[in-house]
Amino acid sequence: MDLRLVFLTSISLFQVFLILSFAEAENLSARLLLTSNSTRLGERHSEEHCAMYDICGQRSDGKVLNCPFGSPAVKPGDLLSSKIQSLCPTITGNVCCTEYQFDTLRTQVQQAIPFLVGCPACLRNFLNLFCELSCSPNQSLFINVTSVSKVGDNLTVDGIDYYITDAFGEGLYESCKEVKFGTMNSRAIQYIGAGAKNFKEWFAFVGRKAPLGVPGSPYAIMFQPNATASSGMRLMNVSTYSCGDVSLGCSCGDCPSSSACSNIAPPTIQKMDSCSIRIGSLTVKCVDLILAILYIILISAFLGWGLYYRMRKRKPSPATKSVSNVVSGGMLHSLDMEKEENLPMQVMLENAPQIRHGVQLSAVQGYMSNFFRKYGSYVARNPIMVLSSSLAMVLLLCLGLIRFKVETRPEKLWVGPGSKAAQEKHFFDSHLAPFYRIEQLILGTVPEQENGTSSSIVSEDNIKFLFEIQKKVDAVRANYSGMTVSLQDICMKPLDQNCATQSVLQYFKMDPGNFDKYGGVEHLYYCFEHYSSADQCMSAFKGPLDPSTVLGGFSGNNYSEASAFVITYPVNNAINEEGNATAKAVAWEKAFIQLVKDELLPMVQSKNLTLAFSSESSIEAELKRESTADAITIMISYIVMFAYISLTLGNTPRTSSFFVSSKVLLGLAGVMVVMLSVLGSVGFFSAIGVKSTLIIMEVIPFLVLAVGVDNMCILVHAVKRQQMELPLEGRISNALVEVGPSITLASLCEVLAFAVGTFIPMPACRVFSMFAALAVLLDFLLQVTAFVALIVLDFLRAEDRRVDCFPCIKVSSLHADTDKGIEQRKPGILARYMKEVHAPILSIWGVKIVVIAIFLAFALASIALCTRIQPGLEQKIVLPRDSYLQGYFNNVSEYLRIGPPLYFVVKNYNYSSESRHTNQLCSISHCDSDSLLNEIARASLIPESSYIAKPAASWLDDFLVWISPEAFGCCRKFTNGSYCPPDDQPPCCAPDEGSCRAVGVCKDCTTCFRHSELHNDRPSTEQFKEKLPWFLNALPSADCAKGGHGAYSNSVDLKDYDGGIIQASSFRTYHTPLSKQVDYVNSLRAAREFSSKVSDALKIEIFPYSVFYMFFEQYLDIWKTALINLAIAIGAVFVVCLVITCSLWCSAIILLVLAMIVVDLMGVMAILDIQLNAVSVVNLVMSVGIAVEFCVHITHTFAVTSGDKEKRAKEALGTMGASVFSGITLTKLVGVIVLCFSRTEVFVVYYFQMYLALVLLGFLHGLVFLPVALSIFGPPSRNLQIEQAEDRSSTSS
């Protein structure tokens, strides 16, 4: 065995030695050949002498190899000479290439020509580089063969030195570095130079020897910038053309440095910078400084006035004494009222309807008092009839619930029908194509706990795991109407073959078998750098894939540091959202989401990775799920509200009479009244075809309950305040006379404020305002009808000593007589606090100064804070807190490095030869310097303000290049005039195991046009009309990358284009990454400003379109909308107050307090970081109506009370303060607190937080600021006016 092993080893060593000997001999012969050639330097390195002539072989991939033998330059035939002149005009006379060599050169450069033909200077320089290399008669002066290889029996060139000046390289690079490749929204240098940053990097890429089957040079080229005199070599230094050259000028988009372009100012996008002033090391906003100065001035003026007023008050004038005497000797009923604190202020009407118990009323108040007196008596006599008739009317409205429907489609909820963005979307969808549906997975690594950074996702295990995930996604099958739906059935296929899935797996052609075959992870790193140039990195759908679209969590271009894979499945969309195509997609999306939840999430978690996911229908599905998410919360909240109302309406608990005096049944009836008002409102609008929303279902019941319960409390408390000696009919009548006008005033203001919200363009908020306004109106009507009747029945029950909740049971009268009237006559703890503690404290002059100073400071500070409120509405706030989309939106903001697609849509493009539209739009040679595409390219240079990331992909540029005679591999025709495809496409070649082999079918194809057939490189109207469909149907390939099929299939509307007008066409680019709501708003604003400016300059109708625009359009003018609606609401409240009270003074004070509450609420919004949107605008408008209740009762009581301002303010607080606190503040507080338990963030933020702030601000302004303001600036008493009038009349008599 050992001997045999030794023998075999010896044989193997011998074989190795023999192979090495042969290899050395071959290399030696090659060296001898090169040496023998080098002995003839005078002939080899001289003018009119070639370094490589003819073809001596080809590689296994078909690429031909030159012969390494020098020979004199050869005079070409006339046909070859004309061919060479057409491609290489600098080569004249003798040449160093055969016709075969020239055809090879032409074939190789034709792949690059479509990228560069739009910039003639760049193309000419690029062609000169290779023309001199291949055919120059002085080739041997700057080309030196450095290595050869043997192919068959022939030696062939394997490596050369190309001696070339840096000036030529610099000129070439400078002329080409900005040339765009519109199809991919990038620059041509990315594809023909691998993104080279200078000419040396470009030369290194060009000179690299291409592996088998990979585009590039078949031999190595070393570019040498220096040549020694002894070598006999010279540097190739053909003149280069500047991209700004007049004769070969490029467009401004391809050559921004051109003198014709440098004079054009870059587009300016107005950026709203706030004014600021530097004070020492402190930077202060101008508005803050102005408000601070204003505060100092106002406080100083107030203190000065207060000091003057106090000094004057110490020396009363005779007139004041006479007035005080009149007051002291006033009407007896006024003094009786002051002594009898618990009696009502307004008990009976005097002689005229304008005078009530010594109080002068306005005409409206007088008629309202008369009405309520008569109506109260009627209800007290006929409670059953009033109750049944009012309930019958509401139940009739509830019949409309049969047609009840809920709207959950986002575009129907958040986009107004008259929206400009919605109209533009409809135009885009109907003329071009609807934006594709997006299904997305984001697979990321878990951040490390130590430093919070995430490790790279790019690893062999993760790639293989991603293949497993893709296999499961491909296997998803959904059932729709008996049909099986897969991803292949619905996905977007640019070239009608493979899905355009955006995934890192595309670098392996979506085939797991290619992972090891291509080189694993190293292949990925290679493709990250050469995704645009390496054929092996092309996707399965035959297009290059930008790594920034499939990777996330990296900085700059450090793709290897990416911490997430972003997998996007574009799915075809349809205009008809209820058609079969959309239904199929939705069915698959449901199955896809279910797969992720059931299978993929557990798999990902086992790998210690994270997975976020979404589908196009996810938001709508989650909104539907949201409708049942808070059912338990709603039930609990109503129970809590019912319990509170029952306690509030009842008397102070006493063991002896609790079962009789409690108001549980009345409280339950009050809750039922609120529910019926909401159901009646929903039923009415459902009957007329208006769909409800989730906000209506969850918020309006609480809102109406909080708004309506206070009126119930005020009504019950008013009845309880009446003298027990009066019959029930008189008590009910007097109670309605006392509080009816103020309740009507408050309710009318609330209805008007809610109704103003219907002017908001957002459908969800407009519908919410409509439903709420009608619900509040119905609630008020039911309160003064059904609820008053229920009060009558409840008091009859109590007087009959029947048990609450069980009225059939009567109790003995043992304690009834003892307690009779005590509860009604004795003030409660809260009332005593208001009269004995709260009011006296506020009457102290120092306290008044502090109150005015604090409230004024907060109001002015809130104005300053308002400028910090950001517009927008975070999507994740609208969704349930446990929604899987919450994590998805977080990951989108964290990982995505490219923004949404942006389309500039041109309407009615006139392509006729008489029109200038073509040159006003395009960006290649001979286009206007201020054309649309040139302006887009310039705007992309300032992305921080324009929000445009890249130059636009231009179908027009590519079409003009495609028909250009220079792009001889693109637009071609057969002898019969029909379309001839490029040589590497069928039928010009036959597919052979994935490649294409020539079959000779297209031998007779010629270019579509000669230069003489075009006018200034532009087609005529007929030529344009005939060739445009050819271009849009042409498949891109290596021989012609400018084919429009796939890239531009949906960019041009060919309907009725025969008349010379293209109704719609689009140019695609991308926004910069948008992470915040304000970024979306500003990007829309910037795009519209840009389009408007260009449209006006070019006199062409252009508008921008992106899929998110219609959801964010409202925020462009949200401040204007908010201020106008607030002004209308406050103005409406002011007019109502003025009409009912006929007191400009009272109405002005109410207006001031309302304005302060609204401004302070906006300040709280800024502090809590609540954004300004349609929801918050509706809340602000409705807060005007709700805040009225905190003001109107106190102000009304103050106006009708006799005495000086100080005394009247105390009387108003003592009489109505308790009712405002318990009946208004606490009822609203209980109704609002319930919303904090909602599982949906939008209710917590926009309803709980905002309404809680409103209630607290209303309480503080109504019970702290308003009494102080009235005691200082309040209107004169109506009692005082009557007494003075009587005094004057008695004096005159």
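Keep in mind the model is a prediction, meaning the values are calculated, not measured. For the numbers below, each heavy atom of this structure counts, side chains included, while hydrogens, waters and symmetry mates do not.
Tested against F613, the residues N891, L601, L600 include a single side chain to side chain contact (heavy atoms under 4.5 Å, CB included) partner, L601. None of I869, V1177, V1081 except one satisfies the side chain to side chain contact (heavy atoms under 4.5 Å, CB included) rule with I1118; the exception is V1177. Each of L896, I898, L443, L551 was compared with V566 under the side chain to side chain contact (heavy atoms under 4.5 Å, CB included) criterion, and only L896 meets it.
Of the N and O atoms on the side chains of S618 and S615, at least one donor lies less than 3.5 Å from an acceptor on the other residue. Neither side chain, Q502 nor Y569, offers a donor N or O lying under 3.5 Å from an acceptor on the other. Side-chain contact check for S614 and Q440: no donor-acceptor pair (N or O, by modelled atom type) lies under 3.5 Å. Judged purely by distance below 3.5 Å, without hydrogens or angles, the side chains of E561 and S456 never pair a donor atom with an acceptor atom.
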Stepwise, does the side-chain contact (heavy atoms from CB on, under 4.5 Å) test hold for Y895 with S563?
CA-CA 8 Å; Y895 291 129; S563 56; 3.4 Å; yes
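Using a cutoff of 4.0 Å between basic side-chain nitrogens and carboxylate oxygens, K950 and D546 are scored as salt-bridged. The pair R1088-E424 meets the salt-bridge criterion, with a side-chain N (NZ, NE, NH1 or NH2) lying under 4.0 Å from an Asp/Glu carboxylate O. Here E935 does not pair with K1093 in a salt bridge; the nearest charged N to carboxylate O distance is not below 4.0 Å.
Below 30°, between 30° and 60°, or above 60°: for Y903 and F428 the angle between ring planes is between 30° and 60°, a tilted geometry. Ring geometry, F1108 versus H1071: the interplanar angle falls from 30° to 60°, so the pair is classed tilted. Relative orientation of the Y1105 and Y1109 rings is perpendicular, given thresholds of 30° and 60° on the angle between their planes.
Not a single side-chain hydrogen bond (donor to acceptor under 3.5 Å, both in side chains) links K691 to another residue, sequence neighbours left out.
Nearest heavy-atom pair, A1064 versus L432, reported as atom, atom and distance to 0.1 Å: O-CD2, 3.7 Å.
For K1076, the NZ atom sits in a loose shell: 12 or fewer heavy atoms of surrounding residues, nucleotides or ligands are nearer than 6.0 Å.
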